[in-house]
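The sequence lines fix the lettering, A, B, ..., with proteins before strands; numbering per chain opens at 1. If you're wondering where the values come from, they're calculated on a predicted model, not measured in any experiment.
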Protein chains: 2
Amino acid sequence: MNTRVRGQNLTYSIANHIGIAIVTGVYSAGNPIPIEAELCREYDASRPVLREAVKMLTAKGLLGARPRRGTWVQPEDKWNLLDPDVLGWLLERKFSPTLLIEFTEMRLAVEPGAATLAASVAGPEEKAAISHAIERMQAADRGDDDPLDSDIAFHVAVLRASRNRFYAQLTGFTSTALRFSIRMTNRYKGVRLASVADHKKVADAIIAGKASAAGEAMRRLIQEALELIRKREAQSATRRVSAVSGHR
Amino acid sequence: MNTRVRGQNLTYSIANHIGIAIVTGVYSAGNPIPIEAELCREYDASRPVLREAVKMLTAKGLLGARPRRGTWVQPEDKWNLLDPDVLGWLLERKFSPTLLIEFTEMRLAVEPGAATLAASVAGPEEKAAISHAIERMQAADRGDDDPLDSDIAFHVAVLRASRNRFYAQLTGFTSTALRFSIRMTNRYKGVRLASVADHKKVADAIIAGKASAAGEAMRRLIQEALELIRKREAQSATRRVSAVSGHR
DNA sequence: TGGCTCAAAGTTATATGATAATATATTGAA
DNA sequence: TTCAATATATTATCATATAACTTTGAGCCA
């Protein structure tokens, strides 16, 4: 192979490469990671650098290593899917509609939860951030801002407004999910999965301190997006099938 | 300091030590991580070992490093709180009722979501696992099984039954959360935060395929636990205040 | 012939020391 | 006073050597 990776930081580049190789199945249980010495040759790097990269990946649950047994890919259920890097690798290189549906299903639970909390605890600055995101979305509809960025900003603002560290932790996750959701579906429809008006309902409820209304509005918002995604997936699955049968 | 750490694996032990030191605030933005050379002296280890440990921690978002700038602790919002190690360090060494409330708030959204999904997609084996966990809880009430383990087994079984990788990913998170929830509250009450009967309602709804009923039952279950935890926290806060004022 | 013990080999773990890259601070000049 | 160049401290990378630890297999004994 001899894939000399270059970037500002060799260790991170190699960790990235191997990480991607793992999630795309280049390395797997059936096709195990080569031993250190061979990896050094493949990536043309010294052993310490390679070991540091491998340690980063073991910290993310992708790899395991033991003396004499070598280095191996962990079973998929040990991967830290909520780690932004791991999720990024998975989406960037091995995107699948199933994955998109799975994390939209998760957003369907998480974001209403965050919105409910936000309505009871958000302070003035956090509410201002939410309002500002809505204004940006409206501006985007007039062509004065980026539709994707403003949409993401809104969801991130709500997560932060929950004043719950675990929800706040999911901002990276949600940004990524949203970016890919839209990238996948905007070929068929406008760039939004839901209207600005629907987003504004959520914002208004949070700012008014109406907890259950905020949660419910957010739930409807994501439910709508999820159904749209499921429908598109069903359609393209049908298309794939008819394309295959058409060849016969 | 010279804290020679010994264990079967030096690198992991050191990563653990430093990880705990970070989350407990021994190292912080104000009191930065010493330079590599000093860390080597403190932990009596070679530079490669130390660098590998540091790389594991940067992979978990706890540290950052740049040439000439040294190694520093990342702001807390960059920590991967959903990483099982990070969460474990935080709970094991710096437990706080606030943290307990925060992740119970998150469970309040996540687990009903998982239960809802599970009701529509769980297969026979997954339903059997849920039933089995309920049986174990009943056995525990008769003294024939462990109350804590059986309780955890139930929640884990539901998450897995959702057939959603992101929910499944949260099993470690939930086990930890539950273990600490109970450890914190069982001094005051029986070991359960909610009755076996309430758990069984969730299980029955999932097995019957009643999605919204399953979600709602699970929501009630955790809502109950959350209120109990909040009440206990308010009480002990009062106790702390009166103890302090009593001393004056 | 089967099982147990022990030894050897292969692989990761740890150590040492040296060189390169880089960002910051300092110093000097404009 | 400001900007640029240079010095310096720190991480990044490299090369190599030794240790520790399983796994495997061979040999021996029952």
Colleague: Would you please name every residue forming a side chain to side chain donor-acceptor pair (under 3.5 Å) with B:Asp83, sequence neighbours left out?
Modeller: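 So B:Asp83 forms a side chain to side chain donor-acceptor pair (under 3.5 Å) with A:Asn80, B:Lys60.
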Colleague: Among all residues two or more places apart in sequence or in another chain, which pass the side chain to side chain donor-acceptor pair (under 3.5 Å) test with A:Asp145?
Modeller: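 Partners of A:Asp145 by the side chain to side chain donor-acceptor pair (under 3.5 Å) criterion, ordered by chain and then number, come out as A:Arg136.
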Colleague: Let me know the distance between CG of B:Leu10 and P of D:dA19, rounded to the nearest Å.
Modeller: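 The answer, rounded to whole Å, is 16 Å.
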Colleague: In this structure, how many angstroms lie between the P atom of D:dA12 and the CG atom of A:Asp44, rounded?
Modeller: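 From A:Asp44 CG to D:dA12 P: 20 Å.
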Colleague: Protein-nucleotides 8-11 of chain D N/O pairs closer than 3.5 Å?
Modeller:
from   : atom 1 : to      : atom 2 : distance (Å)
D:dT8  : O2     : B:Arg68 : NH1    : 3.0
D:dA9  : O4'    : B:Arg68 : NH1    : 2.9
D:dT10 : O2     : B:Arg68 : N      : 3.2
D:dT11 : OP1    : B:Glu36 : N      : 3.3
D:dT11 : OP2    : B:Glu36 : N      : 3.3

Colleague: Output the rounded distance in Å from CD (A:Glu52) to C1' (D:dC14).
Modeller: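 After rounding, the gap between these two atoms is 11 Å.
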Colleague: If I take atom OH in residue B:Tyr43 and atom P in nucleotide C:dA13, what distance separates them, rounded to the nearest angstrom?
Modeller: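 Checked: the OH to P distance equals 20 Å.
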Colleague: Let me know the distance between CD1 of A:Ile33 and C1' of C:dT12, rounded to the nearest Å.
Modeller: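 That distance rounds to 14 Å.
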Colleague: How about B:Glu233 and B:Ile101: do any of their side-chain heavy atoms sit closer than 4.5 Å?
Modeller: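 Heavy-atom side-chain distance check passes, below 4.5 Å.
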Colleague: Among pairs that include at least one residue of residues 101-115 of chain B, which meet side-chain hydrogen bond (donor to acceptor under 3.5 Å, both in side chains), considering only residues two or more places apart or in two chains?
Modeller: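 Sorted pair list: A:Asn164-B:Glu105, A:Arg165-B:Glu102, B:Glu105-B:Arg230, B:Arg107-B:Glu111, B:Glu111-B:His155.
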Colleague: For a quick test of reading the model: is some side-chain N or O of A:Asn9 closer than 4.0 Å to OP1 or OP2 of C:dT22?
Modeller: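 For A:Asn9, the contact criterion (side-chain N or O under 4.0 Å from OP1 or OP2 of C:dT22) is not met.
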Colleague: For A:Phe180, enumerate each residue passing the ring-ring contact (aromatic ring centres under 6.0 Å, His included) test, keeping only those at least two apart in sequence or located in another chain.
Modeller: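 For A:Phe180 the ring-ring contact (aromatic ring centres under 6.0 Å, His included) partners, ignoring immediate neighbours, are A:Phe95.
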Colleague: My understanding is that only residues two or more places apart in sequence, or in another chain, count here; which of them pass side chain to side chain donor-acceptor pair (under 3.5 Å) with B:Glu126?
Modeller: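 With sequence neighbours excluded, B:Glu126 shows a side chain to side chain donor-acceptor pair (under 3.5 Å) to B:Arg163, given in chain and number order.
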Colleague: With a cut-off of 3.5 Å and sequence neighbours excluded, list every side-chain donor-acceptor pair involving residues 47-55 of chain A.
Modeller:
from    : atom 1 : to      : atom 2 : distance (Å)
A:Arg47 : NE     : A:Glu36 : OE1    : 2.8
A:Arg47 : NH2    : A:Glu36 : OE1    : 2.7
A:Arg51 : NE     : B:Glu52 : OE2    : 2.9
A:Arg51 : NH1    : A:Glu36 : OE2    : 2.6
A:Arg51 : NH2    : B:Glu52 : OE1    : 3.2
A:Glu52 : OE1    : B:Arg51 : NH2    : 3.2
A:Glu52 : OE1    : B:Lys55 : NZ     : 3.3
A:Glu52 : OE2    : B:Arg51 : NE     : 2.9
A:Lys55 : NZ     : B:Glu52 : OE1    : 3.3

Colleague: Output all residues satisfying side chain to side chain donor-acceptor pair (under 3.5 Å) with A:Trp79, sequence neighbours left out; order by chain, then residue number.
Modeller: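 Counting only residues at least two positions away or on another chain, A:Trp79 forms no side chain to side chain donor-acceptor pair (under 3.5 Å).
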Colleague: Measure the angle between the two terminal helix axes of the helix from C:dT1-D:dA30 to C:dA30-D:dT1, five base pairs each, and quote it to 10°.
Modeller: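 End axes: 10° apart.
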Colleague: Could you give the CG-to-P distance, from B:Leu50 to C:dA13, as a whole number of Å?
Modeller: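 Rounding to the nearest Å, CG of B:Leu50 and P of C:dA13 are 16 Å apart.
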Colleague: Restricting to non-hydrogen atoms, name the atom on A:Val121 and the atom on A:Ala161 that form the minimum distance, rounded to 0.1 Å.
Modeller: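 It is CG2-O, 3.7 Å.
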Colleague: B:Lys55 has an atom NZ; how far is it from atom C1' of D:dT13, in whole Å?
Modeller: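 Answer to the nearest Å: 10 Å.
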